[in-house]
Amino acid sequence: MNDNGNKGTDNTILTVSHLNTYYREKTGRFSSASVRRQVLKDVSFDIKQGEIVGLVGESGCGKSTLAKTILGIVKDYEGTVEHGSAGAQMVFQDPYGSLNPAKTVGWILEEPLRIQGKLTDPERDERVARMINLVGLDESYLKRKPNELSGGQRQRICIALALMLRPRLIIADEPVSALDVTVQDQILKLLLKLNRELGIAILFISHDLKVVYSVCSRVMVMKDGHIVEQGSDEEVYKSPKHPYTKQLLSSVLGD
């Protein structure tokens, strides 16, 4: 069940319970037959309003599959995904691949508002201007196309795009891994600012444990589709319980 209605009166904005997600894979290159492969296995957690929750694990462990299941992109699953508010939005790893190269930034940012159809033209213009300012860019960028922007500027546009419909939850899937170190720091500071000023919750997905520790108050560790450990940043980083968590921390942070 993927329920986008309001759930109760507490400040929980996402509850995932006993989630098992599957993909269909072809059995051979020239075969039309397929098998159902399980990717996520009995995943359960929740996110409160205003939290920044980290999800860490090696490539291929199921992190992006979890994000896509939460957003309804992957539909073959068992268990429940309950949203306390509608419209969780995604910030992807590759900002250039997330933006239409043929359109201007202004057109791209206005598109979800046009689709929603609730605002007048002046109201849409005002929302677009407010959001681009909120991510630290001025309105001159609205006339540019994505290929005229730096990687950091493109990621700021992607964050503004995710904010256009005023979600209470953003899923950031490796949002800084394609950027250089200086720009990474700028984008992380921007996400912290938005979290603080807007009260927006963030599910921050990354393989970089140091980055996760710098921005997240709670951490979940995923291995082979399971969440093997979760707790506060101090609990997970200072007193890890699961052998896999200890292995990750030892390899990245040292003994």
* Begin with the C-alpha distance, continue with both residues' side-chain angles, and end with the deciding distance and a verdict on salt bridge (charged side-chain N to carboxylate O under 4.0 Å, His left out) for Glu126 and Arg130. => CA-CA 6 Å; Glu126 181 184 357; Arg130 184 161 66 251; 3.6 Å; yes

* Please report the C-alpha distance between Asp233 and Arg218 in whole Å, then the side-chain angles of each, then the deciding distance to 0.1 Å, and finally whether the side chain to side chain contact (heavy atoms under 4.5 Å, CB included) criterion is met. => CA-CA 5 Å; Asp233 56 344; Arg218 189 153 58 89; over 6 Å; no

* Check the pair Ile202 / Leu169 against side chain to side chain contact (heavy atoms under 4.5 Å, CB included), numbers first and verdict last. => CA-CA 6 Å; Ile202 301 172; Leu169 172 66; 5.8 Å; no

* Candidate pair Asp76 and Arg24, rule salt bridge (charged side-chain N to carboxylate O under 4.0 Å, His left out), full reasoning -> CA-CA 9 Å; Asp76 186 2; Arg24 283 280 175 186; 5.0 Å; no

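Between the side chains of Ser34 and Glu25, not a single donor N or O lies within less than 3.5 Å of an accepting N or O.
Of all heavy-atom pairs between Leu142 and Thr104, the closest is O-CB, 3.5 Å. Between Val105 and Tyr141, the shortest heavy-atom distance links the atoms CB-O, 3.3 Å. Across all non-hydrogen atoms, the minimal contact from Val212 to Ser206 is CG2-CB, 3.8 Å. Closest non-hydrogen pair, Pro167 versus Ala88, comes out as CB-CA, 4.5 Å. The nearest pair of heavy atoms linking Leu249 to Pro240 is CD1-CG, 3.8 Å. Minimum interatomic distance between Met164 and Pro112 (heavy atoms only, all atoms of both residues): CB-CG, 4.0 Å.
Under the rule for a salt bridge (Lys or Arg N to Asp or Glu O under 4.0 Å), the partners of Asp121 that lie at least two apart in sequence or sit in another chain are Arg124.
Under the 4.0 Å criterion applied to side-chain N and carboxylate O atoms, Lys63 and Asp173 are not assigned as salt-bridge partners.
Ile187 and Tyr96 sit in two unconnected hydrophobic clusters of ILVMFWY residues. Membership requires side-chain heavy atoms under 4.5 Å apart, directly or through other members. When the side chains of ILVMFWY residues are joined at heavy-atom separations under 4.5 Å, either directly or via intervening members, Leu134 and Leu188 end up in a single hydrophobic cluster. Cluster annotation: Tyr22 and Met222 are assigned to distinct hydrophobic clusters (Ile/Leu/Val/Met/Phe/Trp/Tyr, side-chain heavy-atom contacts under 4.5 Å, transitive).
Other residues, nucleotides and ligands contribute only 12 or fewer heavy atoms inside 6.0 Å of the NZ atom of Lys68.
At least one cation-pi condition fails for Arg37 and Tyr23: the charged atom is not both under 6.0 angstrom from the six-membered ring centre and inside a 45 degree cone around its axis.
A side chain to side chain contact (heavy atoms under 4.5 Å, CB included) with Ile52 is found for one member of Ile170, Ile200, Leu192 and no other, namely Leu192.
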